[in-house]
Structures are given as C-alpha cells and as structure tokens.
Amino acid sequence: MDSQDWDDRYAAKELVWGADPNLWVVRELTGHAPGHALDVAAGEGRNAIWLARQGWDVTGLDFSAVAIERAERLTAELPDEVADRLTWRHDDARTFDPPAAGYDLVLVAYLQVPARDRRASLRRAADALAPGGTLLVIGHHLRNLAEGVGGPQDPRVLYTPEDVLSDVADHGLTTVRAESVLRPVGGDPGHQGQDGGGGGATAVDLLVRLERGAA
C-alpha cells in the first residue's frame, strides 16, 4: 500500500485502530523514565498520545497525511500539558531524517511492509537512537497466518523477531528481548478491530526490544 491507499483507509473510518494504546507498548514502557520519543508509523496516534500522558515528549511520524490530520485533531482535545508534548510529522519511515541528538525511545509498532521497506525503515529507526536509547519493535508475526487471527494475510509483509535482529545487526545494539508473544485480541481492542472468532481469540505478535549503549 502506498500513502494514498492509507489515506483512503483512514478516511473511510474514524479511529481505524481505536484509541487505546497497544498492550505491549504499555507492558514494556510503563515506568520507563520519560525522555524524547519517536513513534514511527504512528497512524492516528494512540501510542504516541499514551506516551505523552506518561510524560514523554513525542514525535509521531506517518506517511498518511489523513492519519496525521486525525492525530492533530485528537491532540487538540487533550489537556494542554499532554498536547504540548506531541508533535506530528508527515514523513516516510524509510527515508526520514532524525535530529542529530537522536531519541531516547524509538517505537515501531505494526509497520507491515515488504522486507526491503521494513529493513530500510528499521535501520533508519536504529539510526535515530540517542546513546542509551531503546528501540521497541512490535509487529504481526509470520506465524499469525496459521496460528493467530486478524492482521494482514499476506506473508510478504509479515516477519519474525529474527528478521528484526538481522535488519539492524550492524547497528551495535544490545538485545534485551526478542520473542513471539500471544495477544488476546479482546485485550487490545484498538488494534486491527478484528478477532476472527470471538473474545477468546489470540494473535501472534513479535516483540523486539533493543538498546544502544550509553556514550
């Protein structure tokens, strides 16, 4: 899908992914000392907004102008102390230029694109990390096709924790976590909005957490 496809998808439905943050984002980052964060492929901003509520200064980036416009509208409804921590950027995950100082956290959640685009995006995300920063990657696992529900049904845009590690292998990052995780679809109603089979359904996700050493 190109940016126009995503514009059309976001325009067709209010809050495509819902308002609640992804449960893995909450699990991994609750209690994490806030700093400057980048949410890559932020969509309508549910995870970026949650991070801002936790005290992070967040830049949300997406290549859909419609998604960014919607995120800006949601931001306007937030308390000033949260809204002031949010910046929205219409840009491409594969080619964006991070600031020289880098980010303390780079989040890449459910960026489901072909392998070449994914690799370019993840390498760019790794480049955006400041010393001591964390890269958190969450996605629909390749195993979800046979073992889970929801998500894309095209194996070309699905991947594994090992793929993520391979994509950024030369970036000097330390692996904190690289695993497959089962997400109760009813427990994360904001993502995908489809459970394919009732409240007991689960999706197979990948979760990779990497850190750059301190300077």
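Bear in mind the structure is a predicted one, so any value in this text is a computation, not a measurement.
For the pair R70 (side chain) and E44 (backbone), a donor-acceptor distance under 3.5 Å is absent. Of the possible donor and acceptor atoms, none in the side chain of N22 sits under 3.5 Å from a partner among the backbone N and O of N47. Here the side chain of R124 pairs a donor or acceptor atom with the backbone of F96 at under 3.5 angstrom. Side-chain atoms of Q112 never come within 3.5 Å of backbone atoms of P152 as a donor-acceptor pair (strictly under, hydrogens ignored). At distances below 3.5 Å, at least one donor-acceptor pair connects side-chain atoms of R209 with backbone N or O atoms of E28. In this structure a side-chain-to-backbone donor-acceptor pair under 3.5 Å is present from H90 to F63. No donor-acceptor pair closer than 3.5 Å links the side chain of D84 to the backbone N or O of E81.
Residue pairs meeting the side chain to side chain donor-acceptor pair (under 3.5 Å) criterion with at least one member in residues 164-173, sequence neighbours excluded: R118-D167, R119-D167, R123-D170, D127-H171. Screening residues 95-105 for side chain to side chain donor-acceptor pair (under 3.5 Å), with sequence neighbours left out, gives no hits.
Atom-to-atom distance recorded for L182:CG and E147:CD is 8.5 Å, nearest 0.5 angstrom. With rounding to the nearest 0.5 angstrom, the CD1 atom of I138 is 5.5 Å from the CG atom of L107. Within the model, atoms NE2 of H36 and CZ of R85 stand 11.5 Å from one another, a figure rounded to the nearest 0.5 Å. Note that the CG atom of L207 and the CH2 atom of W24 stand 7.5 Å from one another [nearest 0.5 Å]. How far CD of E77 is from CZ of R73: 8.5 Å, rounded to the nearest 0.5 Å. Atom OG1 of residue T134 and atom CZ of residue R212 lie 11.0 Å apart, to the nearest 0.5 angstrom.
H32 meets the ring-ring contact (aromatic ring centres under 6.0 Å, His included) test with W56; sequence neighbours excluded.
Taking the side chain as every heavy atom from C-beta outward, R46 and L74 never approach each other to under 4.5 Å.
Closest heavy-atom contact between I49 and V82: O-CG1, 4.4 Å. Between P161 and H141, the shortest heavy-atom distance links the atoms CD-NE2, 3.4 Å. Scanning both residues, D62 and A41, for their nearest heavy atoms gives OD2-C, 3.3 Å. Nearest approach of V157 to P114, heavy atoms of both residues: CG1-N, 3.8 Å. The two residues W88 and I68 have their closest heavy-atom pair at CB-CG2, 3.9 Å. Looking at every heavy atom in both residues, G43 comes nearest to A71 through O-CB, 4.3 Å.
A continuous path of ILVMFWY side-chain contacts below 4.5 Å connects V108 to V208, so both sit in one hydrophobic cluster. No continuous path of ILVMFWY side-chain contacts below 4.5 Å connects L122 to L105, so the two sit in separate hydrophobic clusters. Hydrophobic clustering (ILVMFWY, side-chain heavy atoms < 4.5 Å, transitive): V40 and V25 are in distinct clusters. If you chain together hydrophobic residues whose side chains sit under 4.5 Å apart, V168 and V113 fall into the same group. L111 is not connected to L158 by any chain of hydrophobic side-chain contacts under 4.5 Å among Ile, Leu, Val, Met, Phe, Trp and Tyr, and they are in different clusters.
Screening T174, V176, L173 for a side chain to side chain contact (heavy atoms under 4.5 Å, CB included) with L210, the sole residue that qualifies is L173. Across L129, L61, V137, a single residue satisfies side chain to side chain contact (heavy atoms under 4.5 Å, CB included) together with V106, and that is L129.
No more than 12 heavy atoms of other residues, nucleotides or ligands sit less than 6.0 Å from atom CZ of R116.
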Between W50 and V58, does the side-chain contact (heavy atoms from CB on, under 4.5 Å) criterion hold? Intermediate values first, please. CA-CA 10 Å; W50 180 83; V58 190; over 6 Å; no
I would like to know whether L206 and L142 meet side-chain contact (heavy atoms from CB on, under 4.5 Å); could you show each step before the answer? CA-CA 9 Å; L206 64 95; L142 180 61; over 6 Å; no
